[in-house]
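The chains referred to below are lettered A, B, ... by the order of the sequence lines, with proteins before strands, and numbering in each begins at 1. The figures here come from the full heavy-atom set of this structure, side chains too, leaving out hydrogens, waters and symmetry mates.
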Amino acid sequence: MSTEDADRATSMRTSLCGRVGTDDVEERVRLCGWVARRREHGEHLAFIDLRDHTGLVQCVVDGAVDVRSEYVISVEGVVKRRPEGTVNDKLATGEIEIHDCTVEVLAAAEPPPVSVDDRVEADESVRLRYRYLDLRRPHMQRNMRIRSTINSSLRRAMERHGFCEVETPLLWSPTPEGAREFAVPSRLQRGSFYVLPQSPQLAKQLLMVGGLDRYYQIARCLRDEDPRADRQFEFTQLDLEASFVGQDDIIEIVSDAVADASEAVTGKRPDSVERMTWTDALNRFGTDKPDLRFGMELIDLSAVFEGTGVRAFSAPVVKAIVLAEGGTLGRGRIDALVDRAMGLGAAGLAWFRIGEGEGGGLSLESPLAAHLSDTERDGLLAATGATAGDLVLVVAAEHRLACTVLGNLRVHLGGQAVGDGPHRFVWVVEFPMFEGLDDEGHPIAAHHPFTMPHPDDVALLGTDPLSARSQSYDLVLNGWELGSGSVRIHRADIQSAVFRALGISVEDAEARFGFLLGAFRYGAPPHAGFAVGLDRLVAIFCGEENIREVIAFPKTQSGSDPLTGAPKALADSALKELGIRTVVPEK
RNA sequence: GGACCUGUGGUGCAGUUUGGAGUGCACGCCGGCCUGUCAAGCCGGAGGUCGCGGGUUCAAAUCCCGUCAGGUCCGCCA
């Protein structure tokens with residue numbers, strides 16, 4: 001991480017706690033910060049560890065100085081080398097200390113309800129209630145600064161590529177479809193509402209029609225969907241859109257930007273970013289966001305069990321994963337895996353412990369083993385390549401389900417903590433245009449209705465829409481979806497065909513997206529774009545498994561903010577002004 | 001909307017399985033001692049609606065029901 005804190009001298013301080021060193025010996029300094037700890041040694045000697053965002057420095061003071069934990073003080077004194085034998089090599093400033101100190105209390109403090117020490121764990125709800133104290137912890141300071149470093153390197157990358165930063169409205173127009181939107185009542189037009197944008201998607205397309213050529217923004221997006229470890233109501237994206245570009249141009253630009261960010265944080269650029277098709281990702285990893293840090297790829301056993309007599313394997317697709325040395329898993333653990341698979345929709349999960357057979361071969365141990373023919377047993381062993389001590393897990397189901405269930409088990413069994421290992425970026429391309437059917441039998445847009453179909457599949461829109469691929473692409477890092485983008489439709493005929501496939505009538509489209517379609521009538525350049533989820537990117541670079549650790553003031557899973565108490569009831573007068581009556585469900 | 005986990009002095013935990021007096025540990029806090037500590041040390045002290053409500057019982061932190069809060073996940077996230 002680059003920490004260029006040149007000269008931070010102000011009218012109140014001459015240096016920073018963590019920056020005072022042996023070069024400053026015999027210098028007179030004035031430092032400001034918080035009292036991290038105080039160690040008393042009788043009437044006329046005490047040590048104060050003074051903390052600011054750069055670190056700790058030890059101040060030697062008279063025992064009469066009455067300062068306590070988290071007092072804000074300024075200390076003026078002389079930097080001295082520490083006496084022989086008292087150097088603390090656990091401290092960056094451990095070779096020196098501040099002597100002859102004059103201490104001024106700038107603000108007294110009550111004992112903090114949560115420890116500011118990184119080594120002391122605290123419950124997250126307490127941390128969030130006192131987030132301002134939690135943020136003082138070196139760990140949170142580090143995360144906030146990594147986030148800032150990433151932001152600035154992304155901005156620099158975008159500027160270098162000729163992108164223009166434009167701010168788009170937060171008060172936007174409802175476009176029913178997609179994520180649930182946060183509504184904002186209009187005071188001047190009672191009964192009407194703005195919504196907070198799920199993303200600046202439509203705005204940035206209008207910017208392309210507006211001839212901006214290349215737009216970017218570090219944009220806040222808001223979606224009223226249940227929060228998770230990797231999701232908050234509001235989140236931040238590096239949002240971008242460019243004209244006269246295709247998929248490869250966007251992939252190149254975004255790859256370059258995230259490589260810059262990676263280099264800014266870790267000091268080295270990631271290896272060239274792989275690409276795989278959505279179909280490959282599903283078949284090999286059982287997910288559209290593969291974690292490439294480990295193997296355990298899905299193995300297709302459909303051919304082995306074609307026409308099988310084993311009822312459990314009579315399904316369109318039979319797939320497996322091998323858990324190396326998983327044979328030692330007890331029945332309890334295995335049963336839990338079966339439950340997990342069934343919870344994900346599988347009819348069951350078959351398992352085979354691989355053992356040493358007679359005559360040097362391999363044997364299968366499983367409730368199903370006796371039902372397998374010799375050919376099936378050999379086929380299973382050959383296809384999986386499993387060896388003695390391994391555990392083979394098999395799911396037989398419809399194709400998509402078999403893949404996703406095993407993909408889930410693969411991550412569950414083989415996945416590592418977010419912070420572990422290298423950063424394995426991968427582009428997943430050629431997503432399907434549509435995913436499944438809605439209640440009325442219309443295909444559901446996989447990305448959004450403005451996504452350009454794959455050039456080879458335009459004709460499929462009218463005949464077999466579910467087989468049509470799109471020109472959309474996701475960036476995946478270590479199993480986390482970092483962002484997605486697509487080439488957009490700029491031609492009216494293709495847009496009509498997509499709306500038709502989606503079951504959106506001309507009137508419907510006009511009512512919902514009329515402003516965009518209108519804009520497209522006046523000369524829309526071919527354009528494409530992307531959005532990088534910054535919270536997730538920062539979390540991974542910080543080694544965090546939860547994005548709340550990289551957000552200054554996050555909300556809980558039920559959407560409240562323990563610090564402010566939000567959300568709260570509005571005063572009746574405010575409601576009246578907005579023309580709102582609330583209906584609270586009876587308890 | 002659903003499943004599971006957690007809730008015990010300011011903080012982190014043990015105690016809950018097998019009901020028997022708010023019992024214990026560590027940190028912090030307050031007071032005292034201490035001139036080279038560095039998560040200082042030693043001595044003493046204060047601090048509790050065992051999340052909340054109900055039930056079972058002679059007796060509930062402990063068992064049962066409900067509820068609230070936090071977390072993980074499913075649904076949801078064009």
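- The shortest distance between the side-chain N/O atoms of A/Ser560 and the OP1/OP2 oxygens of B/G70 is below 4.0 Å.
- Of the residues in residues 58-82 of chain A, those placing a heavy atom less than 4.0 Å from an atom of RNA chain B are A/Gln58, A/Arg68, A/Ser69, A/Arg82, in numerical order.
- The side chain of A/Arg228 places no N or O atom within less than 4.0 Å of a non-bridging phosphate oxygen (OP1 or OP2) of B/G75.
- Close placement of the A/Phe47 and A/His41 rings is indicated, their centers lying within 6.0 Å of each other.
- Residue contacts shown for A/Ala446 are limited to sugar-phosphate atoms, with no base heavy atom under 4.0 Å away.
- Across all strands shown, B/C43 is found opposite B/G31 as a Watson-Crick or G-U wobble partner, with both distances under 3.5 Å.
- Residue A/His442 is classed as having no contact, given no heavy-atom separation below 4.0 Å to the nucleic acid.
- Summary of the strand contacts: A/Leu91 and A/Asp230 both lie near RNA chain B, and taking for each the nucleotide with the nearest heavy atom, the more 5' one is attributed to A/Leu91.
- As a whole-Å value, the separation of A/Glu435 CD from B/C76 P is 11 Å.
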Below 3.5 Å is the cut-off: list the nitrogen or oxygen pairs between protein and nucleotides 39-42 of chain B, distance only.
unit_1: B/A39; atom_1: OP1; unit_2: A/Lys90; atom_2: NZ; d: 3.4
unit_1: B/A39; atom_1: O4'; unit_2: A/Arg119; atom_2: NH2; d: 3.1
unit_1: B/A40; atom_1: OP2; unit_2: A/Arg37; atom_2: NE; d: 2.8
unit_1: B/A40; atom_1: OP2; unit_2: A/Arg39; atom_2: NH1; d: 3.0
unit_1: B/A40; atom_1: N6; unit_2: A/Glu40; atom_2: O; d: 2.5

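- In this structure, CG in A/Asn478 is found 4.0 Å from CZ in A/Arg293, a value given to the nearest 0.5 Å.
- One atom, CD1 of A/Ile98, and another, P of B/U37, lie 19 Å apart when rounded to the nearest Å.
- For A/Thr86, no side-chain nitrogen or oxygen approaches OP1 or OP2 of B/C38 to under 4.0 Å.
- In this entry the distance linking CD of A/Glu124 with P of B/A69 reads 16 Å, nearest Å.
- Annotation: B/G51 and B/C13 have their P atoms spaced 14 Å apart (nearest Å).
- With sequence neighbours excluded, the residues that form a side-chain contact (heavy atoms from CB on, under 4.5 Å) with A/Pro453 are A/Met433, A/Val458, A/Leu461, A/Ile489, A/Ile494, A/Val498.
- Taking 4.0 Å as the cut-off between side-chain N and carboxylate O, A/Glu435 and A/Arg400 count as a salt-bridged pair.
- Base pairing of B/C63 is made with B/G55, judged by Watson-Crick or G-U wobble geometry with both donor-acceptor distances under 3.5 Å.
- Put simply, the side chain of A/Asp123 and the base of B/G12 share no donor and acceptor less than 3.5 Å apart.
- Nucleotides B/C63 and B/C74 have their P atoms positioned 30 Å apart, rounded to a whole Å.
- Between A/Thr556 and B/G70 there is a side-chain N or O to OP1 or OP2 distance below 4.0 Å.
- A/Lys555 places its NZ atom 13 Å from the P atom of B/G71, with the value rounded to the nearest Å.
- A/Glu225 places no side-chain N or O within 3.5 Å of a backbone atom of A/Ala179 that could act as its donor or acceptor partner.
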Practice item. Give the C-alpha distance, both sets of side-chain angles, the deciding distance and a yes or no for ring pair (Phe, Tyr, Trp, His ring centres under 6.0 Å) between A/Phe233 and A/Phe182. Key: CA-CA 9 Å; A/Phe233 285 156; A/Phe182 281 99; 5.1 Å; yes
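- Taking atom C1' in both B/C30 and B/G9, one finds a spacing of 15 Å when rounded to whole Å.
- With salt bridges taken as basic N to acidic carboxylate O contacts below 4.0 Å, one links A/Asp493 and A/Arg491.
- A salt bridge is absent between A/Lys289 and A/Glu481; no separation between the charged side-chain nitrogens and carboxylate oxygens falls under 4.0 Å.
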Practice item. Under the side-chain hydrogen bond (donor to acceptor under 3.5 Å, both in side chains) rule, what do A/His139 and A/Gln141 come out as? Steps first, then yes or no, please. Key: CA-CA 5 Å; A/His139 184 80; A/Gln141 288 280 326; over 6 Å; no
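- As judged by a 4.0 angstrom heavy-atom cut-off over every strand, A/Arg129 is placed among residues making no nucleic acid contact.
- Distance CD (A/Glu84) to P (B/U37): 13 Å, rounded to an integer number of Å.
- No engagement by A/Thr451 is indicated, since no non-hydrogen atom pair under 4.0 Å with the nucleic acid exists.
- A donor-acceptor contact under 3.5 angstrom links the side-chain atoms of A/Arg231 to the base of B/C76.
- Electrostatic pairing of A/Lys555 and A/Asp561 does not count as a salt bridge here, judged by no charged N lying under 4.0 Å from a carboxylate O.
- Across B/G22 and B/A59, the matching C1' atoms stand 15 Å from one another, rounded to whole Å.
- Straight-line distance from the NE2 atom of A/His412 to the P atom of B/C74: 13 Å, rounded to whole Å.
- Under the Watson-Crick and G-U wobble criteria, each requiring two contacts below 3.5 Å, nucleotide B/U18 is left unpaired.
- Under the side chain to side chain contact (heavy atoms under 4.5 Å, CB included) rule, A/Gln205 has a single partner from A/Phe520, A/Tyr215, A/Phe513, which is A/Phe520.
- One finds no side-chain N or O of A/Asn408 lying less than 4.0 angstrom from the OP1 or OP2 phosphate oxygen of B/C73.
- For the C1' atoms, the distance linking B/G75 with B/G1 amounts to 8 Å, nearest Å.
- To the nearest whole angstrom, the two C1' atoms, one in B/C64 and one in B/A26, are 34 Å apart.
- What separates CD of A/Gln557 from C1' of B/C74 is a distance of 11 Å, to the nearest Å.
- Taking atom P in both B/G36 and B/G41, one finds a spacing of 15 Å when rounded to whole Å.
- In this pair, A/Tyr132 and A/Tyr130 present their aromatic rings perpendicular. The plane angle is above 60°, beyond the 30 to 60° band.
- Within the 4.0 angstrom heavy-atom criterion, only backbone atoms of the sugar-phosphate kind lie near A/Glu121; the bases stay farther away.
- Here A/Asp123 pairs with nothing under the salt bridge (Lys or Arg N to Asp or Glu O under 4.0 Å) rule; sequence neighbours left out.
- Applying a 4.0 Å cut-off to non-hydrogen atoms, none of the residues of residues 469-485 of chain A approaches RNA chain B.
- Residues that satisfy the ring-ring contact (aromatic ring centres under 6.0 Å, His included) test with A/Trp427, not counting sequence neighbours, are A/Phe530.
- Nucleotide B/C25 has B/G12 as its partner under the Watson-Crick or G-U criteria, with both atom distances under 3.5 Å.
- Atom P of B/C76 sits at a distance of 24 Å from the matching atom of B/G70, rounded to the whole Å.
- Here the side chain of A/Asn546 is nearest to one of B/G71, B/U35, B/G36, namely B/G71.
- A side-chain hydrogen bond (donor to acceptor under 3.5 Å, both in side chains) with A/Arg488 is found for exactly one of A/Glu241, A/His527, A/Gln471, namely A/Glu241.
- Mapping A/Arg548 and A/Leu45 onto RNA chain B by nearest heavy atom places A/Leu45 closer to the 5' end of the strand.
- The distance between atom CD of A/Glu545 and atom P of B/G71, rounded to the nearest whole Å, is 16 Å.
- Counting any heavy atom pair closer than 4.0 Å across all strands shown, A/Pro113 reaches sugar-phosphate atoms only and no base atom.
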